[in-house]
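To find a chain, count down the sequence lines: A is the first, B the second, and so on, and within it residues start at 1. Both backbone and side-chain heavy atoms feed into the values below; hydrogens, waters and symmetry mates do not.
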Protein chains: 2
Amino acid sequence: MPRVYPHPTPDDVSLAKVLFALSDPNRLAMVRLLATGASVNSIDLAPDMPKSTLTHHTGTLRKAGITTTRPEGRNCWITLRRDLLDTKFPGLLDTILRQVPDT
Amino acid sequence: MPRVYPHPTPDDVSLAKVLFALSDPNRLAMVRLLATGASVNSIDLAPDMPKSTLTHHTGTLRKAGITTTRPEGRNCWITLRRDLLDTKFPGLLDTILRQVPDT
DNA sequence: TTGAATGTTCGATAATAATCGAACTATCAT
DNA sequence: ATGATAGTTCGATTATTATCGAACATTCAA
């Protein structure tokens, strides 16, 4: 049975959950790596993070509506849901990605 | 001894903490009430909330750099730190306040 | 088919946060 | 002074989240 990753529909995406997901430094760093729009192998989002912790964070981002997860072989390709986020929360992503990582 | 409310300097305000503070529905609702820029009596930010819980949330917003708290008599006047937020995270507040409360 | 690699799930634990009553301080009105 | 009011602090409890090892499933390479 292949792996399946549910993604919330736009109506199910709430601002509070998006903000919460982005408020974790680990996840914020992941989102920055996805800023170009390219698909990134999940393992490259946090190479030094324990596997189960990585799964936790990628799942949090996905369930919040921030990312898509596409399985391919043994890997997961992660992308930003820019279209959804820009439509639903115009400017939010741009504002957040404009920040330098530390601030 | 009069009450004193420490406010973080701009350099001490981090995006992650701001996002976290805003990710709570109660606090997000408070920020919406402050959107006009007017000072709001703290009690009016959540009239039905227990006092100690209200103190907790107003303190979280203040320590995150989102609001100012100015004591006057027995009351506290709360304002949005729009200047700081717009300078440090341009567009963030506008984006968030543009949203309808439920989404 | 065997073994290695990737990711998930489960379970336990630690850390953090939310909630709120009670006691307290400060302030104001009378 | 006395009492009422607003807000804080403290402490306890509950809820949520983060972390991560171990066992497991899936996929791929040899």
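Distance, B:N41 CG to C:dC28 P: 13 Å, rounded to whole Å. Here the P atom of nucleotide C:dA18 and the CG atom of B:L61 are 10 Å apart, to the nearest Å. Whole-Å rounding puts the B:K63 NZ to C:dT16 P distance at 15 Å. Atom-to-atom, CZ of A:R3 to P of C:dT8 comes out at 6 Å; the value is rounded to the nearest Å. D:dC20 atom P lies 9 Å from atom CG of A:N26, rounded to whole Å. In this structure, the CZ atom of B:R70 is 17 Å from the P atom of D:dA6, given to the nearest Å. Here the C1' atom of nucleotide D:dG7 and the CZ atom of B:R62 are 12 Å apart, to the nearest Å. Distance, B:D24 CG to D:dT17 C1': 14 Å, rounded to whole Å.
Within 4.0 Å of B:S42, counting heavy atoms only, lie sugar-phosphate atoms of the nucleic acid but no base atom. Residue contacts for A:I43: at a heavy-atom cut-off of 4.0 Å it reaches the sugar-phosphate backbone alone, with no base atom in range.
For a distance-only test at 3.5 Å, the side chain of B:T55 fails to qualify as a donor-acceptor partner of the base of D:dG7. Side-chain N/O atoms of A:R74 and base N/O atoms of D:dT26 include no donor-acceptor pair closer than 3.5 Å.
For A:K51 and A:F20, each mapped to the nucleotide of DNA chain D holding its nearest heavy atom, the one lying further toward the 5' end belongs to A:F20.
Between A:R82 and A:D94, at least one side-chain N (NZ, or NE/NH1/NH2) sits under 4.0 Å from a carboxylate O, which counts as a salt bridge.
Contact annotation: A:H57 reaches the phosphate of D:dT19 (side-chain N/O to OP1 or OP2, under 4.0 Å). In this model, the phosphate group of C:dG7 is not approached by any side-chain N or O of A:Y5 to a distance below 4.0 Å at OP1 or OP2. Between A:N75 and D:dT26, a side-chain N or O to OP1/OP2 separation shorter than 4.0 Å is absent.
Listed candidates were D:dG21, D:dA18, D:dT8. Nearest to the side chain of A:R27 is D:dA18. Side-chain proximity of B:T53 to C:dC10, C:dG7, C:dC20: nearest is C:dC20. Taking only side-chain atoms of A:H56, from C-beta outward, the nucleotide of D:dT19, C:dT27, D:dC20 with the closest atom is D:dT19.
Shown here for B:A35 and B:L97, the closest heavy-atom pair between the two residues is CB-CD1, 3.7 Å. When all heavy atoms of B:P90 and B:T87 are compared, the closest pair comes out as CD-O, 3.6 Å.
With a 4.5 Å cut-off on side-chain heavy atoms, B:P6 and B:K63 do not count as touching.
Taking OG1 of B:T60 as the reference point, atom CG of B:L22 lies at 11.0 Å (rounded to 0.5 Å).
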